[in-house]
Amino acid sequence: MDAAVLSLVPATVPARVASSAQDAITPPLRNSFRLERSWRDTVPFDGVVASRWRMPAPCDTAFERAGWGEGYTLAVHLSSTRMLFQHEREIVWSGFVAPGTMLVTQPGERATVRFHAPCDVLHVFLPMRQVRRLISGARGADAPQPIALGGSGLMRDAAIERLALLLADVQDGAVAFHRDYACAIREAIVARLLALQDDAGEARDTRAEVRRASLPDWRLRRALAYVDTHLAEPIGLRDLAASAGVTRMHFAAQFRLAMGLAPHEYLMRCRIERAKSLLLNADRAILDIALACGFRTHAHFGAVFKRMVGASPTGWRAQRLERGEAIS
DNA sequence: ACGGTCGATCGCGTTCATAT
DNA sequence: ATATGAACGCGATCGACCGT
């Protein structure tokens with residue numbers, strides 16, 4: 001959805017008015033996604049499933065929003081960042097955030113954030129009535145409601161992350177029937193969150209909740225800086241551990257505690273992030289991009305890319321170029 | 001020439017015991 | 001509490017091959 005269309009619907013108009021106004025201006029199928037002009041400025045009136053907040057450079061501003069009263073807000077970080085995040089003035093997270101990390105803001109809960117690094121966040125709006133309906137369907141009509149979704153801290157889940165990436169693709173309207181598509185993905189996300197909650201009750205360890213950092217921040221900072229600087233070169237666990245000043249075994253364990261994912265997995269995500277931006281240059285060969293992102297063969301690059309993105313590098317590039325996202 | 005797939009090899013991540 | 005090191009299973013990696 002382009003900025004001109006977005007500007008026609010102020011974020012502050014009442015829900016019902018906004019819905020009908022937007023329907024009158026644009027075809028109904030273009031309503032499910034918004035780009036945020038300020039952090040979480042979207043009023044998720046009927047039809048808006050998700051919105052996205054991108055900040056290319058860090059700024060010193062703290063953003064504060066009262067939570068959406070009619071539902072939950074799921075924030076999925078599409079890129080790595082560094083932030084201080086609070087719910088009702090209580091610190092939820094302070095420090096580095098890996099791509100794929102997520103957190104849920106409960107209905108009406110006040111959220112405050114200060115980003116210390118560029119960020120790219122997808123906000124998915126989960127209406128309370130939808131959550132209620134799914135709970136009643138799965139646990140019976142007399143199941144206790146309402147519930148707190150997603151716990152109180154940062155968490156990771158591969159399935160939700162993949163669903164969120166699919167939802168991000170709806171942004172430009174490239175997916176046919178994309179409003180139904182977006183609603184179906186949202187429903188799947190809610191179901192998955194509820195399933196995770198059930199799992200957490202039976203076996204707490206199965207839930208991938210990100211815990212507070214136990215690797216000291218200065219060590220983590222040095223390791224992440226090393227990744228950023230040497231991304232195009234071979235980086236081993238030993239290199240990262242050495243940059244942080246600990247042994248590789250200790251580093252692997254502590255890094256996982258701090259970031260919620262293994263060092264190698266983090267490295268691959270960073271490489272694929274960079275590869276995606278390079279792929280938008282249609283003239284650049286796949287092998288060239290693979291080498292520029294630290295892969296030593298196109299075979300390895302293709303395999304990792306397909307595993308993480310769900311498409312081959314050329315397939316993904318073709319999709320993006322079709323949508324006019326090429327850069328020169 | 002470029003890009004995708006497959007199989008063998010190797011290194012990573014995890015666990016556990018131990019030291020400081 | 002924090003850090004190190006050994007052992008081991010398995011997934012990541014890379015070279016070879018094939019298709020376009």
Side-chain angles (χ1 to χ4, degrees), chain A residues 80 94-96 98-101 154-159 161-162 199 203-322 325-327:
Chain A
S80 58
S94 174
F96 291 97
T101 307
L154 264 64
M155 55 185 286
R156 303 188 61 80
D157 179 67
E161 186 189 353
R162 181 59 67 90
D199 287 350
R204 185 142 287 279
D205 285 348
T206 61
R207 186 147 153 257
E209 188 162 335
V210 176
R211 284 160 284 185
R212 299 292 303 168
S214 37
L215 192 68
D217 201 53
W218 67 273
R219 289 194 196 274
L220 189 61
R221 197 182 295 254
R222 281 172 58 170
L224 298 186
Y226 186 91
V227 169
D228 194 50
T229 311
H230 298 85
L231 201 62
E233 305 158 25
I235 301 176
L237 186 60
R238 279 178 189 81
D239 303 318
L240 290 176
S243 73
V246 293
T247 60
R248 75 176 186 100
M249 281 71 75
H250 186 59
F251 178 77
Q254 298 298 296
F255 187 94
R256 196 181 182 84
L257 282 175
M259 298 290 282
L261 75 176
H264 182 257
E265 179 71 9
Y266 175 82
L267 176 63
M268 288 301 116
R269 282 166 183 270
C270 290
R271 285 186 164 150
I272 294 302
E273 259 188 76
R274 184 170 290 184
K276 279 180 170 178
S277 66
L278 295 179
L279 279 167
L280 293 179
N281 183 341
D283 297 332
R284 219 155 159 185
I286 298 296
L287 177 61
D288 183 31
I289 292 171
L291 296 175
C293 296
F295 295 97
R296 272 182 272 189
T297 63
H298 78 279
H300 182 215
F301 171 56
V304 174
F305 195 92
K306 190 157 193 175
R307 176 170 59 83
M308 289 192 169
V309 181
S312 68
T314 40
W316 185 87
R317 169 146 76 182
Q319 271 184 2
R320 297 289 150 161
L321 297 184
E322 253 176 49
E325 292 184 35
I327 56 169

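All chains are named by letter (A, B, ...) in the order of the sequence lines, taking the proteins before the strands, and each is independently numbered beginning at 1.
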Student: Rounded to the nearest 0.5 Å, what separates atom CG in A:Leu279 from atom CD1 in A:Ile289?
Tutor: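 These two atoms lie 4.0 Å from each other.
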Student: According to the interplanar angle, ranging from 0 to 90°, do the rings of A:Tyr226 and A:His230 count as parallel (below 30°), tilted (30 to 60°) or perpendicular (above 60°)?
Tutor: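 Geometry flag for A:His230 against A:Tyr226: parallel rings.
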Student: Under 4.0 Å from a heavy atom of chain A: give me the 5'-most and 3'-most nucleotides of DNA chain B that qualify.
Tutor: B:dG3 to B:dT14
Student: Would a 4.5 Å heavy-atom cut-off, applied to side chains only, mark A:Leu278 and A:Arg317 as touching?
Tutor: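 No. Closest side-chain heavy atoms not under 4.5 Å.
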Student: Could you state the interatomic distance from CZ (A:Phe251) to CG (A:Leu240), rounded to the nearest 0.5 Å?
Tutor: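 Between atom CZ of A:Phe251 and atom CG of A:Leu240 there are 5.0 Å.
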Student: In Å and rounded to the nearest 0.5 Å, what is the CG to CG distance from A:Leu267 to A:Leu231?
Tutor: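 Result: 6.5 Å between the selected atoms.
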Student: Looking only at non-hydrogen atoms, find the nearest pair between A:Pro263 and A:Ala252 and report the distance.
Tutor: CG-CA, 3.9 Å
Student: Roughly how far, to the nearest 0.5 Å, is the CG atom of A:Asp228 from the CZ atom of A:Arg274?
Tutor: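 Output value for this atom pair is 6.0 Å.
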Student: At a cut-off of 3.5 Å, list every protein nitrogen or oxygen paired with a nitrogen or oxygen from nucleotides 4-6 of chain C, distance to 0.1 Å.
Tutor:
{"from": "C:dT4", "atom 1": "OP2", "to": "A:Thr247", "atom 2": "N", "distance (Å)": "3.1"}
{"from": "C:dT4", "atom 1": "OP2", "to": "A:Thr247", "atom 2": "OG1", "distance (Å)": "3.3"}

Student: Decide yes or no for A:Trp316 and A:Leu280: does some side-chain heavy atom of the first lie under 4.5 Å from some side-chain heavy atom of the second?
Tutor: yes
Student: Check ring pair (Phe, Tyr, Trp, His ring centres under 6.0 Å) between A:Phe301 and all other residues, then give those that pass, not counting sequence neighbours.
Tutor: A:Phe295, A:Phe305
Student: Treat primed atoms plus P, OP1 and OP2 as sugar-phosphate and everything else as base, then score nucleotides 9-20 of chain C 5' to 3': B for base contact with protein heavy atoms under 4.0 Å, S for sugar-phosphate contact only, - for none.
Tutor: ---SSBB-----
Student: Look up atom NZ in A:Lys276 and atom SG in A:Cys293, then write down how far apart they are to the nearest 0.5 Å.
Tutor: 12.0 Å
Student: My understanding is that only residues two or more places apart in sequence, or in another chain, count here; which of them pass side chain to side chain donor-acceptor pair (under 3.5 Å) with A:Glu161?
Tutor: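 Applying side chain to side chain donor-acceptor pair (under 3.5 Å) to A:Glu161 gives A:Arg269.
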Student: Return the angle between end axes of the helix from B:dA1-C:dT20 to B:dT20-C:dA1, with five pairs used per end and rounding to 10°.
Tutor: 40°
Student: Once rounded to the nearest 0.5 Å, what's the spacing between atom CZ of A:Phe255 and atom CD of A:Glu265?
Tutor: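 Nearest 0.5 Å value for the CZ-CD distance: 10.5 Å.
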